[in-house]
Protein chains: 4
Amino acid sequence: MAAVSRSDVVDPRIERSREVVLAAALELLAEVGFGDLTIEAVAARSGVAKSTIYRHWAGKLDLVASACAELKSDARTVPAPGPVRQRVAEILTEFAVNVQDPTWRRACLPALIEASARCPEVAAVSRQLAEMGTAPLVQVLDEAVAAGELRLPAGATTAVLADALVGPILLRALFHRDPLDAGDVPALVDLVLPGP
Amino acid sequence: MAAVSRSDVVDPRIERSREVVLAAALELLAEVGFGDLTIEAVAARSGVAKSTIYRHWAGKLDLVASACAELKSDARTVPAPGPVRQRVAEILTEFAVNVQDPTWRRACLPALIEASARCPEVAAVSRQLAEMGTAPLVQVLDEAVAAGELRLPAGATTAVLADALVGPILLRALFHRDPLDAGDVPALVDLVLPGP
Amino acid sequence: MAAVSRSDVVDPRIERSREVVLAAALELLAEVGFGDLTIEAVAARSGVAKSTIYRHWAGKLDLVASACAELKSDARTVPAPGPVRQRVAEILTEFAVNVQDPTWRRACLPALIEASARCPEVAAVSRQLAEMGTAPLVQVLDEAVAAGELRLPAGATTAVLADALVGPILLRALFHRDPLDAGDVPALVDLVLPGP
Amino acid sequence: MAAVSRSDVVDPRIERSREVVLAAALELLAEVGFGDLTIEAVAARSGVAKSTIYRHWAGKLDLVASACAELKSDARTVPAPGPVRQRVAEILTEFAVNVQDPTWRRACLPALIEASARCPEVAAVSRQLAEMGTAPLVQVLDEAVAAGELRLPAGATTAVLADALVGPILLRALFHRDPLDAGDVPALVDLVLPGP
DNA sequence: CTTTAAGCGAGACGGTACGTCAAGTCTTCGT
DNA sequence: ACGAAGACTTGACGTACCGTCTCGCTTAAAG
């Protein structure tokens, strides 16, 4: 009844190869970026033969898309209940810190942006990741709106508001301008979050 | 005295090479994007030898940087005087349109972000370009603050405000999410710009 | 007593695999030659799995050796009795024609020679095939000597004489010089065969 | 006056590359044979980059053809005047010894034969080499015929006769049968050379 | 007439070499 | 003398086979 269909069974070697290759790809993406990522290097670091990589992925873009899709598990959790300003500040503070951390798994964000510009499949992954990344913030904002704690002007959405909050942190990181750090978060919240 | 210093005189061949190379580079950038741009192709299209290109530029990044620098004339100018909201909306509307242009902006921005993450020199360029990009917006906001038309909370700066305004437009483009287009700009301004 | 020894019994599946593989190998040898023959292609054409081929043969050389051994049945038969010159001419004429046949002889002989130079096992096969190839000719000459129809100088053997007769035909084929064809055989016999 | 035309001048780097590559190719041909010769190995041994090799030769066959063409200088010289039997024996004796030499002759000849079967260009080279190889023998025979020392049957040529003399030596070497050595040469001459 | 062990196909694996392409360096020539 | 031309080394590309190896399936034999 609940018997596993035979076609669902995957050769364990395939699964094992897939894992070590994607792990190596993510490491290298963070280290050298998309442009300098080579399949040879992924093969060397993972200990998997180049031909095996090409057996499973069509090329660099495809591999990077798969690798980035692995990042989905990193999702942030929604903070404990409380005043919006405080909850938002909590999320942004963590984000401002993470974005500076060079070992952060999403150090491959720039690589992801580059790859997205060149390949629709990666772009789809990128979009998903971005939406998952702001999801907790959007949820907190939605709850505040629902509770009447936050009032948005006509035509505005919490998604756009989330982008406006995140923008100053992320854009400065991407373009290597003076970063906004944890101490700057309260002023940012005061500036962007509507209300008294 | 008024004689032109010898070092100011440039071999006309050099000037000629520089022009045709940069022209070819810009054409190719628009056609194939940064990632698929090759020095070899620039040499072929321009009719200039590869070694000549390397004599004048350090590599692909340097060449593209020069090429983009040629575009400085494209810089946005500060809009005519008027109410802040209107001036800001004008800038953002143009930006929302440009960011969709598939030619050089989409081709170069992601590459610039990627390269900035790996190479400090490029990061410096990136930073300059980013600041030049938001300069008109910051200037408009500064003027409004000076005129008392806009009041910022304590600790907030116009630079951060500019990022918050630009964030929703740019982040959506970079991560290939639903773009904000010209029609969405008024709501964005209402949402982010402080005030009644 | 008359029972078939158990070691003589072969699993019919093995026999079947052996046959279709060798047939495919011979076909491919004729089509693409030894150098371009691949085990993969033999597997594909025969419908037998690559692993099965490697289960029975050590590699390409071994497989080709087996395949060529299958050709032993092709051996030339001794011509009908008659005058030596006529019998010799008959054999050489057929040989001169066969040697031009582009299929297996041209495809295999050079490869066999090459392989023999690298691998003692193949050299042994090569030697056997060569001796089987000249056997009818040697037999005819031996019979003529026994009958007193042919007289050899002291120290000479019919084996060497056979080589001398075959040499002009085969060497020209191997080195792609002007071939000796059927019409040239009588002059060759007159020239090399001792006697009045 | 005797000025070298400008188009005759070759970049010395090209000449240098050509020389070291062909030398390495000949060495490897002798060592591993045609089948196991790889362009990579030639590149490694010669110290010349693979791409440079491909710039000058179309592939393995073309390279081998060029390399073998370099062997043309090895030609044997015609022996001193004297009786035909003695002069022929002298040539054959040297040949019988050389053919056993495990270095290049035994190693390259099979490779050359193999390559000739697969590539018309190599076949042309092969033919030339073969003809140059028997040229001294043919010349000696021609001189004997001209001097009335040797009489050929109608329809026979000295070229065929040369092949008949060489055949027993070379065929046995190629097929790894019992070699004919120096001691066997007189009997071979007595057997094949027409006359009293 | 079932076990049971073998031969089998399928195909993933780590490798090596292929022939191509671009990068960036360096030598030679022509103006 | 210096820039243009282009040959060079290097190294990654993506492909094709290599020979090895696990898998289950199926099929022949021995109990």
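Values below: all heavy atoms of this structure, side chains included; hydrogens, waters and symmetry mates excluded. Convention: sequence-line order gives letters A, B, ...; per-chain numbering from 1. Worth saying up front: this structure is predicted, and the values here are computed from it rather than measured.
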Evaluate the side-chain proximity of [Y] to [X]: yes if any heavy-atom separation is below 4.5 Å, no if none is.
X     : Y      : value
A:V64 : A:C119 : no
A:D62 : A:E121 : no
C:R45 : C:L28  : yes

Check your understanding: To the nearest 10 degrees, what angle separates the axes at the start and end of the helix from E:dT4-F:dA28 to E:dT31-F:dA1, five pairs each?
Key -> 10°
Exercise for review: Please check if the side chain of B:K50 supplies one atom and the backbone of B:I39 the other of a donor-acceptor pair under 3.5 Å.
Suggested key: no
Exercise for review: Would you check if the side chain of D:S46 reaches a backbone N or O of D:V42 as a donor-acceptor pair within less than 3.5 Å?
Suggested key: yes
Study note, to complete from the structure: In B/S/- notation (B base, S sugar-phosphate only, - none; protein heavy atoms under 4.0 Å), nucleotides 8-15 of chain F written 5' to 3' is BBB-SBBB
Between [X] ([atom1]) and [N] ([atom2]), how many Å, whole number?
X     : N      : atom1 : atom2 : answer
C:I53 : F:dC21 : CD1   : C1'   : 16 Å
A:D36 : E:dA22 : CG    : P     : 17 Å
B:W57 : E:dT25 : CH2   : C1'   : 18 Å
A:E19 : E:dC13 : CD    : P     : 12 Å
D:D62 : E:dC18 : CG    : P     : 15 Å

**Study point:** CG on C:L112 to CZ on C:R127, rounded to 0.5 Å
**Key:** 14.0 Å
Practice item. State the OG1-CZ distance between C:T52 and C:R18, to the nearest 0.5 angstrom. Key: 14.5 Å
Revision key, fill the gap. Minimal heavy-atom distance between A:E114 and A:F34, with the atoms involved, is OE1-CD2, 3.8 Å
